Amino acid sequence: MARGSDVQGDSRHVEAFLEMLAAERGAALKTRQAYASDLADFATHCAPLSLSEAGGEEVRSYLAELSRAGLAARTAARRLSCLRQFYRFLMLESVREDDPTERQQAPRITPSLPRPLDEDEIRLLLETGTRGHENERRDIVSRAALELLYTTGLRISELLALPATCVHVRGPMLLVRGKGGRERLVPLSQSAREAADQLVHFDRDLGSPWLFPGRDPQKHLTRQGFDKILLACALKAGLDPDRVSPHVLRHSFASHLLAHGADLRALQMLLGHADIATTQIYTQIMSERLRQAVAAHHPLARKAGAPVDAD
């Protein structure tokens, strides 16, 4: 078969694969774009072989090449995951009979989480960081954004995509559209609802469909615009701006819930994680506290006379 035919075949297979991700798994556009980019990169590595002709040796040499290039283990693992899904799709479509990624081990990833803000720092951020900005609206926006982020654990993309009508539904829950278009309900505290209500009322003349309007009211606030607001809040609260980010607030939400006895499965639902394994990395922050609890309260540990630091 001519090389031109191979290229055309690859194109058809990739297009069908991406359509399947959208139709059957609800994969977001950005996810599909990332997969298309990963497959194109692997295709370049395999040339003159086509994607449908590549074997285990090409997969191994590709991952070795990524490692030599200094690519992060997490990124390399994501690319391998993309290849696995693609070749399993080709097997289901009877394009090929084997999966060349089957025996390839994924790069080891050391779970890493940012240091959460403690509860006093969160209180300082909410009480001091949301006051005294250059105008009244900035105070209101800051309060609504921080209340919602910390009390719901939303991703920043989920927060900025909230419609102004989200506060019109009277009740204890907030409907959130997350990754891949998946919807979930999260509890909304009274203080967060009041802060959001105040923002909607203040912006009522803008006619924006968004809870957090941008400079153009018909578009929502950008991530860059939000970062500027968060920076100002951190500085007013006297906190290191490098320690204050939307992801840190989401992590703080999860950490504080666990510290106060939240169930891991409930936390998975609140965070919108598709896989419980993603949520389980949060339990590492509890290991030291649990160790101290056993040392302080278990009868055998106490009989051993081990010194215990009060917590």
Side-chain angles (χ1 to χ4, degrees), residues 1-112 155-158 160-161 176-184 223 268 271-281:
M1 182 168 56
R3 177 60 187 158
S5 299
D6 294 343
V7 172
Q8 291 174 6
D10 278 352
S11 179
R12 289 196 304 272
H13 298 326
V14 170
E15 184 177 351
F17 171 63
L18 297 177
E19 288 177 353
M20 179 276 293
L21 291 178
E24 298 182 13
R25 303 185 191 177
L29 175 60
K30 287 186 177 179
T31 300
R32 301 198 305 272
Q33 290 173 335
Y35 277 26
S37 176
D38 291 346
L39 290 171
D41 191 60
F42 182 58
T44 299
H45 173 81
C46 291
L49 291 177
S50 67
L51 287 175
S52 58
E53 295 170 332
E57 181 56 39
E58 282 71 40
V59 174
R60 285 189 291 275
S61 63
Y62 178 62
L63 292 176
E65 180 181 288
L66 296 181
S67 178
R68 287 193 298 272
L71 199 70
R74 187 175 300 277
T75 304
R78 190 205 73 207
R79 293 194 181 184
L80 176 60
S81 174
C82 169
L83 295 180
R84 279 208 172 107
Q85 294 178 65
F86 176 67
Y87 283 111
R88 288 172 185 174
F89 170 76
L90 293 188
M91 290 174 66
L92 288 172
E93 295 294 305
S94 300
V95 175
R96 56 183 295 160
E97 298 179 352
D98 66 319
D99 174 9
T101 71
E102 185 175 13
R103 297 186 179 182
Q104 180 61 53
Q105 293 291 323
R108 292 194 62 179
I109 301 173
T110 303
S112 61
R155 301 177 178 93
I156 183 58
S157 58
E158 296 168 343
L160 297 180
V176 179
R177 184 179 293 274
K179 287 186 174 181
R182 292 186 293 271
E183 293 183 339
R184 70 184 188 279
R223 172 64 186 270
Q268 176 193 3
L271 292 173
H273 289 160
D275 189 343
I276 188 65
T278 308
T279 315
Q280 286 172 335
I281 63 174

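Keep in mind that this is a model prediction, so the values were computed, not measured.
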Hydrogens and angles aside, do E53 and S50 bring a side-chain donor and acceptor to less than 3.5 Å of each other? yes
Verify the distance criterion only: is there a donor paired with an acceptor across the side chains of S81 and Q85 at less than 3.5 Å?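 Indeed, the side chains of S81 and Q85 share at least one donor-acceptor pair under 3.5 Å.
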Nearest-0.5 Å distance that lies between atom CG in D41 and atom CD in E65: 7.5 Å
Going from CG on L21 to CZ on R32, what distance comes out if it is rounded to the nearest 0.5 angstrom?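 Here the rounded value is 8.0 Å.
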Could you tell me whether R60 and E57 have a side-chain N and a carboxylate O separated by less than 4.0 Å? yes
Between the side chains of R184 and E158, is the shortest nitrogen-to-carboxylate-oxygen separation below 4.0 Å, so that they form an ion pair? yes
Would you say that more than 12 heavy atoms from the other residues, nucleotides or ligands in this model lie under 6.0 Å from the CD of Q105, or not?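 Open: at most 12 neighbouring heavy atoms sit under 6.0 Å from CD of Q105.
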Check this for me: R177, atom CZ, are more than 12 non-hydrogen atoms of other residues, nucleotides or ligands nearer than 6.0 Å?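 No, CZ of R177 has 12 or fewer neighbouring heavy atoms, counting only those of other groups under 6.0 Å.
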Please work out whether the ring planes of Y62 and H45 are parallel, tilted or perpendicular, with thresholds of 30° and 60°. tilted
Say whether, by atom type as modelled, one donor and one acceptor occur between the side chain of [X] and the main chain of [Y] under 3.5 angstrom.
| X | Y | answer |
| --- | --- | --- |
| R79 | D38 | no |
| Y87 | L51 | yes |
| R96 | A54 | yes |
| R84 | Q104 | yes |

F42 and E58: which non-hydrogen atoms are nearest, and at how many Å?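 Residues F42 and E58, closest heavy atoms: CE1-O, 3.7 Å.
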